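Here the structure is laid out as structure tokens; the discussion comes afterwards.
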Number of protein chains: 2
Amino acid sequence: MDIVISNSSNEPIYEQIVSQVKEQIMSGNLKEGDALPSMRALAQALRISVITTKRAYEELERDGFIESFTGRGSFVKAQNKELLREEYLRQAEELISTACEKAKLGGVDVSELHELLDIIYGGE
Amino acid sequence: MDIVISNSSNEPIYEQIVSQVKEQIMSGNLKEGDALPSMRALAQALRISVITTKRAYEELERDGFIESFTGRGSFVKAQNKELLREEYLRQAEELISTACEKAKLGGVDVSELHELLDIIYGGE
DNA sequence: CAAATGTGTATATCTGATATATACACTATA
DNA sequence: TATAGTGTATATATCAGATATACACATTTG
């Protein structure tokens, strides 16, 4: 479980954890039944509070990605990757929508956005 | 000066004001030397506090878009629209970048993003 | 099987950003 | 010069993010 958090990011720490756990599930790095690091262990590793890791795990549990048991630990639930794909697609769609609004305000043509898209998607 | 704010939005009120003033400058609705509504008048119209309108105007002043004079009012400064265009382009670029990250996580191909872009940009 | 250790959980609290009420200071004008 | 309109400053309220500490349960180990 490689998880990295950034204090400079404006994204809350617990959201960063949630995102990265989802990524690891999507990549196959985490499979059904796999144990997540304990809230304490993760908190210690990231030098943050247990309450914050708990909050992240709570959100993951609420969204059906993991399951937690008092005294035992937290585990990955059976996952439908297609569901995750749809979630990421929806997020991308929303971001592109906002990008289009900004572009229109600036008088930026759609063709310019297509170029940007190719450059950014390709150039990683 | 038509300004509309949404309480349900997660964007702060003062940021909503800032954005919309920039939009009106970009659209030519507000020109150099034009007087903005007084902080009090705008606050009353939007049913918000003067402090909030002041904060919005402060940000606009800090970014060089307007100028405020105690006892006189707030006025639009000379504007370089190209500067605003660049700002919007930069914002769009950043959004597209994040969208690409999400898409990659979901295994969404770049071609699908191009389709989305056309649909969203066109379909307003 | 009881003690110890490791797990998740709950309560009260701190901090920073957003928004506010109220009072103050300056300018124009009637 | 009084008054009404402008921007400004100080102290306060509220909410989300993050926390410390103490609690409850499960597993391991002597």
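Quick caveat: nothing in here was measured; it's all calculated off a predicted structure. Reminder, nothing fancy here: chain letters follow the sequence lines and each chain counts from 1.
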*Expected output: side-chain B:Gln16 to main-chain B:Ser6 donor-acceptor under 3.5 Å*: yes

_In this structure, how many angstroms lie between the P atom of C:dT18 and the CG atom of B:Asn7, rounded?_
15 Å

_Protein-nucleotide distance (A:Phe75, atom CZ; D:dA26, atom C1'), rounded to Å_ = 11 Å

*CE on B:Met39 to CD1 on B:Ile48, rounded to 0.5 Å*: 11.5 Å

*Rounded to the nearest angstrom, tell me the gap between atom CD1 in B:Ile51 and atom C1' in C:dC24.*
13 Å

*Under 4.0 Å between any heavy atoms, over every strand shown, what does B:Tyr14 touch: base, sugar-phosphate, or nothing? Just pick one.*
sugar-phosphate

*For the pair made of CG in A:Asn10 and P in D:dA18, what is the distance, rounded to whole Å?*
11 Å

_At less than 4.0 Å, is any side-chain N or O atom of A:Arg72 found next to OP1 or OP2 of D:dC25? Yes or no._
no

*Taking the side chain of B:Ser38 as heavy atoms from C-beta outward, which of D:dT19, D:dG7, D:dC25 is closest to it?*
D:dG7

*Counting any heavy atom closer than 4.0 Å, what does A:Phe69 reach on the DNA or RNA strands: base, sugar-phosphate only, or nothing?*
sugar-phosphate

*Under 3.5 Å, is there a donor-acceptor pair linking the side chains of A:Asp109 and A:Ser111?*
yes

_When you measure from the side-chain N and O atoms of A:Ser49 to the phosphate of D:dA18, is any distance below 4.0 Å, counting only OP1 and OP2?_
no

*Would you please confirm or rule out a distance under 4.0 Å between OP1 or OP2 of C:dG8 and any side-chain N or O of A:Ser74?*
yes

_Which nucleotide wins on minimum distance to the side chain of B:Ile13, given the candidates C:dA10, C:dA19, D:dG7?_
C:dA19

*asked:* Which is more 5' along DNA chain C, the nucleotide nearest B:Arg40 or the one nearest B:Thr52? Just name the residue.
replied: B:Thr52

*Considering just the side-chain nitrogens and oxygens of A:Lys54, establish if one lies under 4.0 Å of OP1 or OP2 belonging to C:dT9.*
yes

*asked:* How many whole angstroms separate atom CD of A:Gln16 from atom C1' of D:dA18?
replied: 13 Å

*Hey, which sits more toward the 5' end of DNA chain D by its nearest nucleotide, A:Pro12 or B:Glu58?*
B:Glu58

*To the nearest Å, how far apart are A:Ile48 CD1 and D:dT19 P?*
6 Å

*Between C:dA17 atom P and B:Glu59 atom CD, what is the distance in whole Å?*
14 Å

*Could you state the CZ-P distance from B:Arg47 to C:dT20, rounded to the nearest angstrom?*
13 Å

*Measure the spacing between CD1 of B:Ile96 and CG of B:Leu113 and express it to the nearest 0.5 Å.*
9.5 Å

_With a 4.0 Å cut-off on N to O distance, would you call B:Glu86 and B:Arg90 a salt bridge?_
no

